[in-house]
Amino acid sequence: MSNLNSSNSAIKDKTKPPEKIQENTKIELYKDQTKTVPEHFQPDKQNFSGVLWATVIITTLGIGFLGGQWWQSQNSETANKPSTAAPGRRRSTLVKAIPIETASLQETSEFVGTLEAKRSVRIRPEIDGRVIEILAQEGTFISKGQAIAKLKSDNVEANLRRTKANLRQTQARLAELKTGARPEQIAASRARLNQSQARLAELKTGARPEQIAAARARLNQSQASLAELRAGTRNEEIAQAKAQLQEAEARLANAKSGSMLEEIAQAKAQIEVQQAELDLASEQVKRNQNLRDEGAIAELTFQEIFKQEKAAKARVEEAKRRVTQLERNRESTIETLEAAVEQQRQVLRRLENGTRPEEIARAEAEVAEARSNLEELQNGTRPEEIARAEAEVAEARSNLEELQNGTRPEEIAQATAEVAAAQAEVESLEVELQDTVVVAPFAGIVGNMIVKIGDFVTDDDTITTVTANQVLEINLPIPLERRGDLKLGLPVEIKSSEGKALGMGKVSFISPTVSSDSQTILVKADVENSAGKLKDGQFVRVNVIWDRRQTVVVPMTAVGFLGEERFVYLLEGAGEEQKAKRQIIELGLVKGDVTEVVSGLQPGDKLIVSGVQKLKDGSAVKLLNSGKGKNKGVAE
C-alpha cells in the first residue's frame, strides 16, 4: 500500500497520465513480490508457472480496479474546481448581417387573357358590282378613307346617264318657261290643234270609200304573206339564193386578187419611177449649186433646176397618196363585199332551214290587225273614238292658249321643283358611283383579301377586314373572390408565353354581371400596341397588380419557425459585445425567396442572414470578415 501512495505522489509531481502510472505500479509490485520469495521455497517449474500466472492475473485485476477508482476521483475534483480560463473569453458564432431596408413590393395575380381589337370591321361594298381592281395589300397599314378595292356597276352608270338626261330636259323646260313661248312654238301648237280638229271631223263624217279600199288591200297583202310563210320555201328560191351567194363570192375574190391589185402595183411602180427622177433632180441641184457658187452658171439657170427638183418631189408625194388611196379603196370594197357574202349566206341558211314559227306568228298578227282596221272602217266610228278625239282637240286648244297667254308663275315653280328633284337624283347616283370605290372607315391593318379581281360581289359579301391594332383590349376572367379588389385604373402587365414583358395597361371596364358558368367577372384593360407586337385574338399571360407599397422585406432563409411563431435574429452591440437578439415578427406577402414583414422590424435594424441555425437569444456572434476572425462556424 506504501508503494501505491508513493505512486500517487509521483503522479502529482510528474503530471503523467493515470494509465501509465498504473502500468508502472503493476510492474513495480510484480518486482517486489519476486524478491521476497526465498529460493528454498520455490516449487518445481510446472507448479511454479501456474501459480505465477494466477498471481499476475489477480494482481492485474486489482490494479485495474484501484486505478479506475482513482480516475473517477480525479475527474470529480477537476469538475468541482473553478475554471482557469482567462476572464471574459466566450464562444462566438460567425454570422453575416445586412441592414434592413424598405423595398417596393407589389401584390399580383397571373391570368390568361385574350387580346381583342377595340375597332375591327368587315369591309362590305355599298353596291353590287364586279371587282376590277384591288388597291390594298394584305397585312399592310392603311389610313382612313384610303381605297381598298374598286368595283364596276353597269346599273349605276346607266341610271346616272338617264338621270343626267332627265336633268337636262327639266332644265331646258324651266328655261323655256322663263323665256316664254317663241313664235314657232305657237305656230306648231296651232298646227296640232288644226290636226286634232281635222281628225275629229273625219271621225264624225265616217270613213271614205278609198280608206276602206286601202284597208282591204293591206289585209289581202298580209294574208298573202302569211300563206307564203305557211307554204314554206320553194326549191327555186333556194337555187336563186345559192346563185346570188356564188356571185357575191366571185365579186369578193375578184376584189382580193383582180384588177385592184394590178392598179396598186402600177401605182407603186410609178412611185419608183418618180423617185428615180427625184434622185436625178436632187443630184443636179447639188452639182449646179457648186457651179453657181463658183460663178460658172447664172442664178436664173440654177432656180430652173431647183424648180424641177421641187416638181419631182411633188410627183413622188402624189404617187404615194395615190397608192394609199387605192389600198384604202380596196380594203373598203373588200369589207363591203364580205358583208354582202355574209348576208347572202344568212339568206340561204334561212331558206334552207325553212320558216320559223315566230315569223308565222308575226304574220298572223299583221293579218289580225289589218282585218280589225278594215272592220272598224266598215262599221263606222265608235262614240268613244269621237270622245277621245274631242279631248285631244281640247288639249291642243288649251296648249295654244297657254302659249299665247305666256307662262304662269306656278308653272315656273313646278318646273323649278322638277329641276331640283332631278338634280338630287343625279347627286344620289353620283354618290352611289363613288361607292364603287371601297374605302377604309378608319386607320388599321388590312386582313385577308377574300375576293379576287373579276369576282361579282353584293352588299352582303365581305371583301376583307380592317383592324385597328394600335390600342387593344384584354379580356380577363377574374375570380369572384377578388371582386372587392377590382377597380378602374388597376395596372396590368402583359407577358408572352415565355414570360417576356410585352407591355403595360390599365383596367378600363369591369362587368356588372358574373358569368354563371365560370363564376368569374369579365374585366377589360386597354393596352398600347403602337409597335405592333400584339395581335387581335392572341392569348397572353397577364399579371394584375393589386397593390404596390413600400414595406420591409427580408430573405426567407433568415426567418425561423417555432409553432405558430415567426422570428428572426437581429445583431446588437458592437465589437466583442455583439450578440444575437431573437425578434418575433409577423409575415405578410411572400414573393419568391423574400417575404414581407408586417410588424416587428424597423428600417435600419441589422438582420442576421447566415448561421441562424446555431443561434439562440443572446448568443455571442462575430461578423464574418470584420476583423481577425476567420471563416469558421464557431470561434473560441
Side-chain angles (χ1 to χ4, degrees), residues 130 132-133 152 154 157-158 161 164-165 168 225 228 233-356 359 453-454:
R130 192 171 302 279
I132 61 173
E133 192 173 0
K152 180 176 177 58
D154 296 333
E157 294 175 0
R161 289 193 295 269
K164 284 184 176 180
R168 289 191 294 270
S225 299
E228 183 179 351
T233 305
R234 298 188 300 275
N235 293 330
E236 55 269 23
E237 291 178 342
I238 296 176
Q240 183 181 0
K242 289 182 177 179
Q244 292 175 350
L245 175 60
Q246 292 175 356
E247 183 180 354
E249 289 176 342
R251 287 197 298 270
L252 176 61
N254 182 47
K256 289 183 176 180
S257 60
S259 58
M260 286 187 174
L261 285 177
E262 295 177 357
E263 189 175 0
I264 292 172
Q266 292 175 1
K268 289 181 177 179
Q270 188 65 25
I271 291 176
E272 294 177 355
V273 173
Q274 297 297 335
Q275 184 65 43
E277 293 179 357
L278 175 60
D279 294 341
L280 179 61
S282 299
E283 184 64 29
Q284 289 179 354
V285 168
K286 291 180 181 179
R287 186 169 59 251
N288 286 280
Q289 186 175 8
N290 295 332
L291 294 175
R292 184 197 64 177
D293 295 339
E294 294 173 358
I297 62 173
E299 179 67 24
L300 184 61
T301 303
F302 177 75
Q303 291 297 330
E304 288 295 332
I305 296 172
F306 185 72
K307 289 180 180 178
Q308 291 176 4
E309 183 191 23
K310 289 179 66 177
K313 285 182 179 180
R315 288 192 295 272
V316 169
E317 294 297 327
E318 180 63 26
K320 289 181 178 180
R321 283 195 296 271
R322 176 171 172 74
V323 169
T324 302
Q325 186 64 36
L326 289 174
E327 289 177 344
R328 289 178 179 174
N329 291 341
R330 179 175 177 271
E331 291 175 357
S332 177
T333 301
I334 289 174
E335 290 177 358
T336 303
L337 293 176
E338 286 177 345
V341 168
E342 182 61 27
Q343 183 178 3
Q344 290 300 327
R345 285 174 180 169
Q346 292 178 359
V347 171
L348 177 59
R349 193 179 300 114
R350 185 170 61 252
L351 292 174
E352 289 176 345
N353 294 335
T355 305
R356 296 191 300 274
E359 293 178 341
I453 294 178

For the atom pair [atom1] ([X]) and [atom2] ([Y]), what is the distance rounded to the nearest 0.5 Å?
X: Gln274; Y: Gln270; atom1: CD; atom2: CD; value: 5.0 Å
X: Leu326; Y: Glu262; atom1: CG; atom2: CD; value: 12.5 Å
X: Gln344; Y: Glu249; atom1: CD; atom2: CD; value: 9.5 Å

- Is a side-chain donor or acceptor of Asn254 paired with a backbone partner of Ala250 at a separation under 3.5 angstrom?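 No; judged by distance alone, with no hydrogens or angles, the pair does not exist.
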
- Task: Specify the closest pair of heavy atoms between Ser282 and Glu309, including all atoms of both residues, with the distance to one decimal.
- Result: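 Shortest heavy-atom contact: OG-OE2, 3.0 Å.
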
- Message: Which heavy atom of Leu337 sits nearest to which heavy atom of Arg251, and what is that distance?
- Response: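 So the minimum-distance heavy-atom pair works out to CD1-O, 3.3 Å.
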
- Should we count CD of Gln343 as having more than 12 external heavy atoms under 6.0 Å?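 No, CD of Gln343 has 12 or fewer neighbouring heavy atoms, counting only those of other groups under 6.0 Å.
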
- Message: Just to verify, what does Gln244 make a side-chain hydrogen bond (donor to acceptor under 3.5 Å, both in side chains) with, not counting sequence neighbours?
- Response: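 Partners of Gln244 by the side-chain hydrogen bond (donor to acceptor under 3.5 Å, both in side chains) criterion come out as none, since no residue qualifies.
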
- Task: Would you check if Lys307 and Lys310 make a side-chain contact, meaning some heavy-atom pair closer than 4.5 Å?
- Result: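 The answer is no, as the side chains (C-beta and beyond) never meet within the 4.5 Å cut-off.
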
- Can you sort out the partners of Glu299 under side-chain contact (heavy atoms from CB on, under 4.5 Å), two or more places apart, ordered by chain and number?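 side-chain contact (heavy atoms from CB on, under 4.5 Å) check on Glu299 returns Arg292, Phe302, Gln303.
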
- Message: Run the salt bridge (charged side-chain N to carboxylate O under 4.0 Å, His left out) test against Glu277 and tell me which residues pass, sequence neighbours left out.
- Response: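 Once residues adjacent in sequence are excluded, the partners of Glu277 under the salt bridge (charged side-chain N to carboxylate O under 4.0 Å, His left out) criterion are Arg315.
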
- Please identify each residue that fulfils salt bridge (charged side-chain N to carboxylate O under 4.0 Å, His left out) with Glu283, with sequence neighbours left out.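 Once residues adjacent in sequence are excluded, Glu283 has no partner under the salt bridge (charged side-chain N to carboxylate O under 4.0 Å, His left out) criterion.
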
- Qualifying side chain to side chain donor-acceptor pair (under 3.5 Å) pairs with a residue from residues 327-339, counting only residues at least two apart or across chains: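 Residue pairs with at least one partner in residues 327-339: Gln325-Asn329.
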
Residues 316-323, side-chain donor-acceptor partners within the protein, below 3.5 Å, at least two apart:
from: Glu318; atom 1: OE1; to: Arg321; atom 2: NH2; distance (Å): 2.7
from: Arg322; atom 1: NH2; to: Glu263; atom 2: OE2; distance (Å): 3.1

